[in-house]
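Report on the following structure.
Residue numbering restarts at 1 for every chain, and letters A, B, ... go by the order of the sequence lines. Quantities reported herein were computed from a predicted structural model and do not represent experimental measurements.
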Amino acid sequence: MDKTYDPGLIERKIYQRWEQLGCFAPEPGNNAYSIALPPPNVTGVLHMGHAFQDTIMDILIRHQRMKGNTTLWQGGSDHAGIATQMVVERQLAAEGISRHDLGRDAFLEKVWQWKEQSGDRISQQLRRLGASIDWSRERFTMDPALSRAVTEVFVSLYEEDLIYRGKRLVNWDPVLHTAISDLEVVSEEEDGHLWHLRYPLSDGSGHLVVATTRPETMLGDSAVAVHPEDPRYSGLVGKTIQLPLVGREIPIIADDYVDPEFGTGSLKITPAHDFNDYQVGLRHQLPQINILTPDACINDQAPAQYRGLDRFEARTRIVQDLDALGLLDSIKPHKLMVPRGDRSGSVVEPYLTDQWFVRTEPLAKPAIEAVERGDIRFVPENWQKTYFEWMRNIEDWCISRQIWWGHRIPAWYDDQGQFYVGRDEASVRATHQLADDVPLRQDEDVLDTWFSSALWPFSTLGWPEKTPELATFYPTSVLVTGFDIIFFWVARMVMMGLKFTGEVPFHEVYIHGLVRDHDGQKMSKSKGNVLDPLDLIDGIELDQLIAKRTAGLMQPQMAARIEQATRREFPSGIPAFGTDAMRFTFAAQATLGRDIRFDIQRIEGYRNFCTKLWNAARYVLMNTQDHDCGQNNEPVELGAPERWIISRLQETELAVDRAIGEYRFDYAASAIYEFVWNHYCDWMIELSKPCLNSDGVSMAAQRGTRRTLVRVLESILRLAHPFIPFITEEIWQQVAPLAGKTGQSISRQPWPQADLDKLDPAAVAEVEWLKQCISGIRNIRGEMNIPPGRPLTLQVANTTAQDRAWLAENETQLKQLARLDSIDLLADGQTTPAAAVALCGEMKLLVPMGGLIDKTQELDRLQREISKLENEINKASRKLENPNFVDRAPAEVVTQERERVVRFQSDLGKLNEQKTTIEAL
RNA sequence: AGGCGCGUAGCUCAGUGGUAGAGCACUACCUUGACAUGGUAGUGGUCGGCGGUUCAAUCCCGCCCGCGCCUACCA
C-alpha cells in the first residue's frame, strides 16, 4: 500500500470495476429490498442535497446487499418539463431562434438531442459518489414504457371521472405562458401599497371606498361586497355602483367572506382575477370578466385606452386617471404576499383558462388511511402530521401545462370542440365510431412532470405489465427524501400507487434534513454559498471557487460580497477530501433534525479518520504479509487483548446493525469511528507491538495476534463498507487473502454478524484494568511534565491476587506502553515511598518522586482529585441521608449510590494518605 | 392566523427521569519503525429563563424569552 492515502487515486478505478463486475444488479437472495431513487431533474447538476440523500440510500442498499438480500436500487431521472424546455429555448435564443420558429416537432427533436448529449451528467456525477445504482435498469420518465404508464393512468382516471377538464382559475405564469400547480408557486412578503378607491353609487348619493393592492384589476370588477351585518353599509346592499373608468354598473352585494375590520370593510370583487373573488362570484352568479392576455397585458375587454398595456403600467395609469377624477382616496404602504412562479420568478396571475384537473379527494382518502393504518411509516414519525395536514385539505390538482416538452394529453378534439379521451387516436376513433375522415386534433398541452413522477415506484418496474420485477420489488422498501417535497411527491406517489397497484408504493418514508451552509443558510446560487460535492471530493482552488460562485448571477452586484465571504471561509480553497470522507460526514450528520449545517472542519476530521484507517491497514499488512497468520487454521493462542478486541467487535457489529435499522446513521458512524480509532488503533495495535516485537513470545501467540489483527481489520472493512465504500474496497483487496477470504469485491461479501459467544467479559475486564493502569501512569507523566521518553520505575502496592495475576500476565505490555523500566511489587505493610499515585481499583500505582516530581505540583494534582471526590461524596451522601430517597427510589438506584460512596471514600482515603506522606517531605 | 421544530462546551451537534457526551477548536509536552492527516495528557458546561410534577428534572408539564421552518388566507 502507498504510504499516504490518496482517495483521488483509487476511487474512479474502483467504481469502474464495480460496474464491470455487475456488482449492483440484484442477485437471488433471501428477501427483496428495493429503493426507487427520487429521480433527479434531467437538467440538474449534483448538489449537496443529492449527495447527502444518495449517501443515505447507498448505505441502506449496500447494507442490504451484503446481508444477502435481493437488492435493487432503481435509478433514473425525470424530464423536468418546464426546466428542460427553458434550457433548450435559451440555447436556441442564443442563435436567435424561438421554438415557434421551429415548430413543435422540430423543437422536440432538439430537446431529445439535448437530452442525449447532456442528460446523463447527473448520472455520471452519482457514480462519483459511489452510488451503487443498477445502471442497467436506468429509466427516464419520457421512456416509451413509462409514457405508456402515464397514458394508462390518465385514461383510467378520466374514465372513472377522477380527471376532468374545465374552465377554472389557475396560477398562470405570464412569462412561461403556462398554468402551474399551487405547489409551484412561491409566495413571499414584499413591499406594496394599499390603494383606497372611491366607487360612486349609481344613484349619485355618494360613494363607497374600497381598498385594493392591485388597482388594475378594477377593470374586471363585477361587484362590490360588504359584510351582511356591517351596519355602515346595511342600506347599500342591492344598490349599484358606477364602475369608474369602465362605466359598468355593478351591484353591491353582501357576503360574509368580507372582513369588516380590514380596510374600509368594503371589497371590490374581481372573479376572473382573484381566487377568493372567484368563489364569491360563484355564490352570487357574478360575471367573470377576464381583462388580461396570456402575457398579462390588458386585453380587449377593457376600455380602449388601457388595451395592450402591461399590467404594471396599467396600474400606474389607472391610479393616475382615478386621481385625476378625484376618486383616489389614499395610498398607504402595505406588505403583502406576492406569488411568483418558482421557475420564471414572475408574478403569477390567477387566470381563467381551460385546464385538466385530477379530482384529488377520492384519491387522498385511501392515502390517508394507509398511513393511519401503519402501512406506511414516517421516520421521524412526526412528519406524518405534515402529510395528514396537507392530505386533509387537499385541492384538485391542475395537471395540464401549456408547454411542448412532456407527456401530451391523450385527448382529441373534433371541429365542434367535442373531445374524446383514449389511449391513442385510433382507439378514440374506434370507441366513438368516428370515421377516418372526421378531422381530430390532439390536445396541445402536456402533463405536469410530477404526474409521471408520481408513478415512478411502479412505472420503472414495468407497470402496467405484470413483470417479475414488479412482483419482486414493489412495494419498495423505503423512500428516502427531504421534507420539502412531502407534498410534491410523497403524497402523490401514495395516491397513485394505491390507486393503480392496490398497494402502497413504499413501507417506510425516511425524511432527512436539508443541507445548509456553515451559518445555517440555505445554499443557493443567488446567495453564492453553494458547495459542489465534487469540489469537496476533488478539491478546488480559491480562484476557481470564486469564479464558479460569481458566474451567471441574477444580481451581478452581489459578486463582490460573495467573493469576500468565500475568501473568508475558504482562504486557501478546498482541499480534496475524497468521496469516502464526504460520505462519512453525511452519515455522521444524519441525525433526526431538520437542518444539517455543513462544516468543512467536520469533513476534515473524517478525512483524517480515513487516513487513520489507511495507516492502521499498513501496519497490519507490514506485520502479516509474508508472515504466518493462521490462514490454514494452524493452532493459535489468543491473549486478553485479542479476546478483548474480538469481544468489542461483536458489540460494535450489533450497534452498527441496529443503528442502520433505525435510520440512525449518526450512531452507526460514531460506533465505527470509535471502534476503529479508540479501540483498534489506540489499544489493539499498540498492545500487539510488544507481542510481535519481543523475543520469547510463542509462535502460537504471535500467530494469534496476527490472525486477530487481520480478521478484525477485515471485519471492520466490511462493517464500514456501506459508509466508505472506496477505501474499504481498496484495503480489502489486500487484506482479504490474509484473512482467508476470497471474492472479487467487498461489496458482495457477507455483512458482519455479531456472534454473542465471542463476548468475553473476562478479557474485557483484564484489558480495561490494563488500560486503566497505563492511563494512570501516563496521567502522572503528563501532569508532572515527565518527558515521554524517560523510563519510569513503578511501584505497586495494595494489590489483590487478581491484580498480581494480571500484572504478571501483562508485564511486557505495561512496561512498553507506559514506558517503565521496572515494576516493583510492594508487600502488604511495606512502607510506601513518597510518590505520585494513580489508583486502579484497590491497587496503588506509585511513581517515586526521586528528583522527577515536583512536590507542590503533585500536591496540587492530588488536591484537585481530592476535591472532585469530596464533591461527589457530598452529593451522594446528601441523597442517602434523605429518607424519601432511600424509601422511594428504586432499590438498585439506592444500592448504586451507596456503592459509589464506598468507592469514592476508599479512593479518597488513599489519596489523603499519599498527600500526608508528601506533605511530610 | 394555524401547524411544526429548535435553544446542551468557543463552534457543529448527540443524549438520558438517577455520575453531563462526541468531533472540531484550545493549552502543554512529544518527530518512539502504521499514522504530525499523528501521539500523550489537560482546560472548558447553573443543559435559554421562571414556575410545577417527582425522593430526584438538562430530560416530563405550564408560562415566558430568543430563533427557524411550513401551510393558508386579509382585500
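- Relative to the side chain of R664(A), the nucleotides G15(B), A34(B), U40(B) differ in distance, and G15(B) lies closest.
- As rounded to the nearest Å, C24(B) and C65(B) have C1' atoms that lie 30 Å from one another.
- Evaluation of atom-type donor-acceptor distances gives no pair under 3.5 Å for the side chain of R778(A) against the base of U40(B).
- For the P atoms, the distance from G10(B) to C26(B) is 15 Å, rounded to whole Å.
- Between F598(A) and F586(A), the ring-plane angle classifies as tilted under the 30° and 60° cut-offs.
- Here, C61(B) and C67(B) have their P atoms 24 Å apart, quoted to the whole Å.
- Below the 3.5 angstrom threshold, one finds no donor paired with an acceptor across the side chain of E389(A) and the base of A72(B).
- Nucleotides A75(B) and G5(B), compared at atom P, are 29 Å apart to the nearest Å.
- Taking atom P in both U43(B) and G48(B), the straight-line distance is 24 Å, to the nearest Å.
- Remark: the separation of the P atoms in G23(B) and G39(B) is 11 Å, to the nearest Å.
- Side chain R597(A) to base C13(B): no donor-acceptor pair is found below 3.5 Å.
- Between A22(B) and U40(B), the distance separating the two P atoms is 15 Å to the nearest Å.
- Nearer to the 5' terminus of RNA chain B, by closest-nucleotide assignment, is the contact made by Y619(A) (compared with the other of F483(A) and Y619(A)).
- The CZ-C1' distance, from R602(A) to G23(B), rounds to 6 Å in whole Å.
- When each of F609(A), F726(A), W614(A) is paired with Y5(A), the ring-ring contact (aromatic ring centres under 6.0 Å, His included) condition holds for W614(A) and for no other.
- Going from the P atom of G3(B) to that of C63(B) covers 12 Å, rounded to whole Å.
- With a 4.5 Å cut-off on side-chain heavy atoms, D580(A) and P7(A) do not count as touching.
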